[in-house]
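Working notes for the structure below.
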Amino acid sequence: MACRQLWASRAASYLRISVFHRSFSNVLKDLKYADSHEWVKVDGKSAIVGITDHAQDHLGDVVYVELPEVGAAVTQGGTFGAVESVKATSDINSPVSGEVVEVNVELNSSPALVNSSPYGNGWIIRVKMSDNGELDNLMDSEQYSKFCEEEDSKH
C-alpha cells in the first residue's frame, strides 16, 4: 500500500494535483469521476480521460487497451473503447462529450501503464469537450470515494 501511495503522490505531483487517500485505492482530489469508474482532468475545453485506480485494481493486470481513432466523437456515458485484463474485458465510457484529439499510443505497446500509472502515464484519451456543463453530472473525489465504498460493500 505504501508503494501505491508513493506512486500516487508522484503522479499527483506530475499532474500538479492533490491526493485524497482511501483505504483500498487512491482518488485524486482535482479530478471528476463517473460512476463507471473513469476519471477526467479538465484544462479549459480540453479533458484527459482514464480509468480510476479502483477500476484497474478490480480488473487486474491489463493486457490490451482498445483505443478510438483521433477525430472520433464521444458522448458522455457512451463507450469509446475497452480494457482487457487477465480477469475480464471492460468497456471504457467517456465522462464527457466531444471530439477525441489525442490517444495514448504508448498503451499499444505498454497496456500495463493503466495499472502502474492510472492517473499519469496510463491516461487513455484527450477530448476537446463540447459541453463543460456535463462536468456537473460527475462526482468529486469525496463523492467517488463514498460511491466506491458503498459499491464494494455490496460485493
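Every value quoted in this text rests on a predicted model; they were computed, and no experiment measured them.
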I92, V101: one ILVMFWY side-chain cluster at the under-4.5 Å cut-off? no

Spell out, yes or no, whether V62 and W123 are grouped together once hydrophobic residues are joined by side-chain heavy atoms under 4.5 Å, including indirect joins. no

Which residues pass the side chain to side chain contact (heavy atoms under 4.5 Å, CB included) test with A55, not counting sequence neighbours? H37, I51, T52

Taking everything shown except K128 itself, do over 12 heavy atoms lie less than 6.0 Å from its NZ? no

Which heavy atom of K87 sits nearest a heavy atom of D57, and at what distance? NZ-O, 4.3 Å

The reported gap from CD in E99 to OG in S130 (rounded to nearest 0.5 angstrom) is 10.0 Å

Pairs where residues 112-125 contributes a residue and the test salt bridge (charged side-chain N to carboxylate O under 4.0 Å, His left out) is met, not counting sequence neighbours: none

For P111 against Y64, the heavy-atom pair lying closest together: CB-N, 3.8 Å

My understanding is that only one of T75, T79, D35 makes a side chain to side chain donor-acceptor pair (under 3.5 Å) with N93; could you say which? T79

pair E134-S97: side-chain heavy atoms closer than 4.5 Å: yes

Verify side chain to side chain donor-acceptor pair (under 3.5 Å) between E106 and N121, making sure each step is shown before the conclusion. CA-CA 8 Å; E106 288 294 313; N121 295 332; over 6 Å; no

The single option from V127, I48, L135, L31 that satisfies side-chain contact (heavy atoms from CB on, under 4.5 Å) with V40 is L135

Would V83 and Q56 count as a side-chain contact (heavy atoms from CB on, under 4.5 Å) if you check the C-alpha gap in whole Å, the side-chain angles of each, and the deciding distance to 0.1 Å? CA-CA 9 Å; V83 176; Q56 72 77 25; over 6 Å; no

List in chain and number order the residues that pass salt bridge (Lys or Arg N to Asp or Glu O under 4.0 Å) with E102, two or more places apart in sequence or in another chain; answer none if no residue qualifies. R126

Worked verdict on D61 versus S85 for side chain to side chain donor-acceptor pair (under 3.5 Å): CA-CA 5 Å; D61 295 336; S85 73; over 6 Å; no

Kindly give the heavy-atom pair with the smallest separation between A47 and V96, and that separation in Å. CB-CG2, 4.3 Å

Please round to the nearest 0.5 Å and tell me the distance separating atom CE of M129 and atom OG of S46. 7.5 Å

Is the backbone of K45 close enough, under 3.5 Å, to the side chain of N132 for a donor and an acceptor to pair up by distance? no

What are the two closest non-hydrogen atoms of W39 and P118, and how far apart are they? NE1-O, 3.0 Å

For A34 versus M139, what's the shortest heavy-atom pair and its separation? C-CE, 3.7 Å

Starting from I124, can I reach Y119 by hopping between I/L/V/M/F/W/Y residues whose side chains sit under 4.5 Å apart? no

Minimum-distance pair of heavy atoms, taken over all atoms of F80 and P68: O-CB, 3.6 Å

Please tell me whether V74 and L107 are part of a single hydrophobic cluster in this structure, the criterion being side-chain heavy atoms less than 4.5 Å apart. yes

Enter the distance from Q76:CD to L138:CG here, rounded to the nearest 0.5 Å. 5.5 Å

Expected output: side-chain N104 to main-chain G122 donor-acceptor under 3.5 Å: no

State plainly whether one hydrophobic cluster holds both V100 and V105, where clusters connect Ile, Leu, Val, Met, Phe, Trp and Tyr through side-chain heavy atoms under 4.5 angstrom apart. yes

